[in-house]
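Report on one structure; see the data block that follows.
Here is the naming used below: chain letters follow the sequence lines, and residue numbers restart at 1 for every chain. The basis for the numbers below is simple: all heavy atoms, side chains too, and nothing from hydrogens, waters or symmetry mates.
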2 protein chains.
Amino acid sequence: MPSPQLLEEYSQFFRLLSEPARLQLLCHLKQGPLDVASLIEATGFSQSHISRQLGQLQRAGLVRCEREGTRTIWQADGVLVDELCALVQTRLKQRLQAQLEQLQVT
Amino acid sequence: MPSPQLLEEYSQFFRLLSEPARLQLLCHLKQGPLDVASLIEATGFSQSHISRQLGQLQRAGLVRCEREGTRTIWQADGVLVDELCALVQTRLKQRLQAQLEQLQVT
DNA sequence: TCCCTGTATGACAATACGCGCATTATGCCT
DNA sequence: AGGCATAATGCGCGTATTGTCATACAGGGA
């Protein structure tokens, strides 16, 4: 059994990925570095919201930024999220497959 | 870019793991099948709460149950959560390592 | 059949979180 | 220094979620 502290850390991490808005930001940044204006354009969220979400992702080490004058250029940091999503995708596929077979048997 | 629907599915899945209570249940069940009384004993949560959380995990295919008279025996289903946690753990370690080096440099 | 044990569900309080608006802080340019 | 663009923060509202208590439901044994 993992310690309660570790469970807490895990859950906090997964919580970051439990919001479509944040996943969306991560996916956009995965394509390449972007400034905040582009993210606003791409997602339709308010500047304040995006700023906060990026802050959270940054604290978790999932994104990183570099200042360029007053603008800030953000980019995804690491491939962890890709790997996690790949695993989940595999699972989702399996489940759909299973449901499909279930239907065909019936 | 994944479709919004897919992002939604991912986030819903990760949301399941974003709660220490649910992770805790998963971890206990990973050790082997347990009945609800044992889970109450082990976690200290109320029966109703455990019932609900197990329901969510079951719908996602993360746990599975078999009736044994009036009792219900639950067990973890699949290794996905282990794999996800292993990935996250690696990341956590890396980050702590980095912080450590940062401190030593300073 | 009635009771007794164990599970699921309805109602509710407390809390956390998403999201935007308005404001403030920060850095560049003239 | 003053003004302008951009990013961060305070605040508030609405909604979703956690967790409990009380209650309804199901299955086995006398």
Could you give the [atom1]-to-[atom2] distance, from [X] to [N], as a whole number of Å?
X	N	atom1	atom2	result
A/Leu34	D/dT6	CG	C1'	16 Å
A/Ile50	C/dC19	CD1	C1'	11 Å
B/Leu16	D/dA16	CG	C1'	15 Å
A/Ile40	C/dC21	CD1	C1'	14 Å
B/Ile73	C/dT5	CD1	C1'	14 Å
A/Leu39	D/dT6	CG	C1'	14 Å
B/Glu66	C/dG6	CD	P	18 Å
A/Gln12	D/dT18	CD	P	15 Å

**OP:** Would you give a per-nucleotide map of nucleotides 19-30 of chain D, 5' to 3', where B means the base has a protein non-hydrogen atom under 4.0 Å away, S means only the sugar-phosphate does, and - means neither?
**Re:** BBB-----B---
**OP:** Would you confirm whether A/Arg22, through its side chain, and A/Gln53, through its main-chain N or O, come within 3.5 Å as a donor-acceptor pair?
**Re:** no
Subject >> Derivation of the side chain to side chain contact (heavy atoms under 4.5 Å, CB included) call for A/Gln5 and A/Glu9 >> reply: CA-CA 6 Å; A/Gln5 289 81 5; A/Glu9 296 238 37; 5.5 Å; no
Quick check: do [X] and [Y] have side-chain heavy atoms less than 4.5 Å from each other?
X	Y	result
A/Tyr10	B/Leu84	no
B/Leu29	B/Leu57	no
A/Gln24	A/Cys27	no
B/Phe14	A/Cys85	yes

With a 4.0 Å limit, can you tell me whether [X] has a side-chain N or O closer than that to the phosphate oxygens OP1/OP2 of [N]?
X	N	value
A/Arg22	C/dG18	yes
A/Arg71	D/dA8	no
A/Arg67	D/dA8	yes

Subject >> Interatomic spacing from CG in A/Leu25 to CG in A/Leu39 - rounded to 0.5 Å >> reply: 6.0 Å
Subject >> Of A/Arg15 and A/Asp35, the one whose closest DNA chain D nucleotide lies more 5' >> reply: A/Asp35
**OP:** Name the closest nucleotide to the B/Ser51 side chain, picking from D/dA7, C/dA8, C/dG18.
**Re:** C/dA8
